[in-house]
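Structure record follows, encoded as structure tokens.
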Amino acid sequence: SRNVLSRALRRAFGSRWGMPRARDVGRFLDTHRPQVVHAHFGSSGVRLVRFLEEHKLRVPVLIHCHGTDVISLPYTDAEYRATFVQAADRPHTAFAANTQFLREQIVDLGVPESKVHVIPYGLNEQFHELPRKRRQSRPQRLLRVIAIGRLTRWKGHHVLLDAVHEVEMRRPGCVSLTIVGDGEEQRRLVRQVEERSLSACVVFKGAIAHNELPAIMSEHDVLVQPSIIHSETRQCESFGMTVLEAIAVGLPVIVTQSGGLPELVARECEWARIVPQDDSSALAAALTTMLDDYPEGTNERYAGERLGAYT
């Protein structure tokens with residue numbers, strides 16, 4: 001059928017970074033004759049555009065960018081950047097970004113503003129259906145913090161651990177941290193916990209199923225997204241779905257000035273704090289404020305505002 005065949009394309013071409021064999025692409029397009037091809041990630045989209053141009057095929061392409069393909073890769077791979085910009089010159093190509101922040105990054109690469117559209121990620125239905133009610137008591141004034149995400153350097157877990165250590169030094173026993181996720185930084189983070197004598201208040205849960213997130217979030221008092229801007233790769237948080245999910249559960253959130261995170265929370269209020277990226281002292285101060293002045297009631301109004309923008 002003549003429709004948008006992004007899923008079918010992924011099944012036919014696989015999910016590798018590069019393009020499949022040209023003859024397989026040609027055969028697929030000839031068989032299905034799509035009206036539009038929705039290509040996920042710039043790395044696959046620009047190669048598809050190059051193939052279409054080489055074979056004089058005028059199929060419209062929407063290249064949906066997600067983060068690394070715009071924030072980091074163009075600055076580490078000159079050939080990729082040149083191909084990306086060339087794709088923008090094609091009359092039948094448009095680009096999608098998940099935040100206004102990422103849109104600006106695409107435009108900075110040389111893509112005309114008129115070709116770049118913001119299409120935010122949608123929130124999973126299970127989070128929209130949650131009742132946003134919170135218990136307002138914490139045992140012995142313990143602030144239960146949770147951070148969820150892949151354990152990679154630019155996610156900033158090392159900064160959060162330093163912040164927790166700073167709070168613990170000033171007010172022992174007042175904060176706990178649960179880290180959900182796995183990745184290449186885990187050994188280094190475990191060593192940091194041991195060196196800071198934080199083993200009694202930091203727990204690594206590993207990766208968990210997505211449908212288990214609402215339950216584990218609801219056991220905590222605040223979600224922290226401590227992402228940084230990586231000094232070498234430029235990588236940062238283009239979106240931050242976990243932040244929206246925490247808001248849906250009813251948690252206050254603390255985010256950093258990294259990429260699109262401030263855009264998600266919109267503004268500082270009792271339910272959302274924004275701190276400088278890669279600044280453990282600022283993060284410790286935000287945790288202390290949350291400990292001393294935890295928001296009362298529910299975040300119903302704030303959640304409705306933020307989640308309504310991502311329905």
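Keep in mind the model is a prediction, meaning the values are calculated, not measured. Starting from 1, each residue takes its place in the sequence as its number. Scope of the values below: all heavy atoms of this structure, side chains included, with no hydrogens, waters or symmetry mates.
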Item to check | CA sep, side-chain torsions, deciding dist, call: Thr76, Glu232, side-chain contact (heavy atoms from CB on, under 4.5 Å) | outcome: CA-CA 10 Å; Thr76 59; Glu232 297 178 1; over 6 Å; no
Checklist entry - Nearest heavy-atom pair of Ala282 and Val275: which atoms, and what distance? => result O-CG1, 3.8 Å
Item to check | Distance-minimising heavy-atom pair for Gly206 and Val180 | outcome: O-CG1, 3.5 Å
Next on the checklist: Go through it in stages, so that I can follow the logic: the residues are Trp154 and Ser72, the test is side-chain contact (heavy atoms from CB on, under 4.5 Å), and I'd like the CA-CA distance, side-chain angles, deciding distance and then a yes or no.
Outcome noted: CA-CA 12 Å; Trp154 63 269; Ser72 179; over 6 Å; no
Next on the checklist: Would the distance check show the side chain of Glu268 and the main-chain N or O of Ile274 forming a donor-acceptor pair, the cut-off being under 3.5 Å?
Outcome noted: yes
Checklist entry - What heavy-atom pair brings Cys201 and Val175 nearest, and what distance separates the two atoms? => result CB-O, 3.5 Å
Item to check | Donor-acceptor contact below 3.5 Å, side chain Arg306 vs main chain Leu264 | outcome: yes
Next on the checklist: Let me check something: do Tyr75 and Ile229 share a hydrophobic cluster, defined by ILVMFWY side-chain heavy atoms less than 4.5 Å apart, either directly or through other members?
Outcome noted: no
Next on the checklist: Would you compute the distance between atom CG of Leu151 and atom NE2 of His158 and round it to the nearest 0.5 angstrom?
Outcome noted: 12.5 Å
Next on the checklist: Are the side chains of Ile146 and Arg144 in contact, using a 4.5 Å heavy-atom criterion?
Outcome noted: no
Checklist entry - Quick check: does any side chain N or O of Arg47 sit under 3.5 Å from a backbone N or O of Ser43, one acting as donor and the other as acceptor? => result yes
Checklist entry - So, the side chain of Tyr121 versus the backbone of Gly240: is there a donor-acceptor pair under 3.5 Å, distance only? => result no
Checklist entry - Is there a side-chain contact (heavy atoms from CB on, under 4.5 Å) between Ile179 and Leu161 once you walk through the steps? => result CA-CA 10 Å; Ile179 297 177; Leu161 287 175; 4.2 Å; yes
Checklist entry - Under a 4.5 Å cut-off applied to non-hydrogen side-chain atoms, are Leu73 and Val70 in contact? => result no
Next on the checklist: Between Glu263 (side chain only) and Phe101 (backbone N and O only), is there a donor and an acceptor less than 3.5 Å apart?
Outcome noted: yes
Next on the checklist: Contact between Arg90 and Glu53 at the side-chain level, heavy atoms closer than 4.5 Å - yes or no?
Outcome noted: yes
Checklist entry - Is Val49 reachable from Leu62 through a run of hydrophobic residues whose side-chain heavy atoms are each under 4.5 Å from the next? => result no
Next on the checklist: Rounded at 0.5 Å granularity, tell me how far CG in Leu142 sits from CZ in Arg171.
Outcome noted: 11.5 Å
Next on the checklist: side-chain contact (heavy atoms from CB on, under 4.5 Å) for Ser280 and Val159? Distances and angles first, verdict last.
Outcome noted: CA-CA 5 Å; Ser280 59; Val159 181; 4.0 Å; yes
Checklist outcome for this item: Separation between NE2 (His117) and NE2 (His64), nearest 0.5 Å, reads 11.5 Å
Checklist entry - Distance from Thr242 atom OG1 to Leu213 atom CG, nearest 0.5 Å? => result 7.0 Å
Checklist entry - Among side-chain atoms of Asn299 and Glu270, is any donor-acceptor pair under 3.5 angstrom? => result no
Item to check | Flag for His165-Glu195: side-chain donor and acceptor within less than 3.5 Å | outcome: no
Next on the checklist: Using a 3.5 Å distance criterion without hydrogens, assess whether the side chain of Ser238 forms a donor-acceptor pair with backbone atoms of His66.
Outcome noted: yes
Checklist entry - Would you call Glu245 and His210 a side-chain contact if the rule is heavy atoms closer than 4.5 Å? => result yes
Checklist entry - Which pair of non-hydrogen atoms, one from Ala97 and one from Arg103, has the smallest distance, and what is that distance? => result CB-N, 3.5 Å
Item to check | Trace of the side-chain hydrogen bond (donor to acceptor under 3.5 Å, both in side chains) decision for Glu184 with Thr152 | outcome: CA-CA 6 Å; Glu184 66 274 12; Thr152 192; 2.4 Å; yes
Checklist entry - Should Val46 and Val85 be counted in the same cluster of Ile, Leu, Val, Met, Phe, Trp and Tyr side chains packed under 4.5 Å apart? => result no
Item to check | Cluster link Ile208 to Val249, ILVMFWY, side chain under 4.5 Å | outcome: yes
Checklist entry - Hey, does the side chain of Arg273 reach the backbone of Ile254 with a donor-acceptor pair shorter than 3.5 angstrom? => result no
Next on the checklist: So does Ile106 get a backbone contact from the side chain of Asp108, meaning a donor-acceptor N/O pair under 3.5 Å?
Outcome noted: no
Next on the checklist: Looking at Tyr294 and Asp221, would you say the former's side chain and the latter's main chain have a donor-acceptor pair under 3.5 Å?
Outcome noted: yes
Checklist entry - What distance separates Leu244 CG from Leu223 CG, expressed to the nearest 0.5 Å? => result 10.5 Å
Item to check | Least distance between heavy atoms, Thr178 atom then Lys205 atom | outcome: CG2-CG, 3.3 Å
Item to check | Any side-chain heavy-atom pair of Gln86 and Arg50 under 4.5 Å | outcome: no
Next on the checklist: So, taking the atom named CD in Glu54 and the one named NZ in Lys56, what distance separates them when rounded to the nearest 0.5 Å?
Outcome noted: 9.5 Å
Checklist entry - Side-chain heavy atoms under 4.5 angstrom apart, residues restricted to Ile, Leu, Val, Met, Phe, Trp, Tyr: same cluster for Phe41 and Val37? => result no
Checklist entry - Taking NZ, NE, NH1 and NH2 as the nitrogens, is one of them in Arg301 or Glu305 under 4.0 Å from a carboxylate oxygen of the other? => result no
Checklist entry - Taking side chain as C-beta onward, heavy atoms only, is Leu143 less than 4.5 Å from Thr288? => result no
Item to check | Closest non-hydrogen atom pair, Gly259 against Cys236 | outcome: CA-SG, 3.8 Å
Checklist entry - Does Leu189 reach the side chain of Phe204, with side-chain heavy atoms less than 4.5 Å apart? => result yes
Checklist entry - Is there a side-chain contact between Val145 and His220 (heavy atoms, below 4.5 Å)? => result no
Checklist entry - Thr256 side chain to Ser227 main-chain N or O, any donor-acceptor pair under 3.5 Å? => result yes
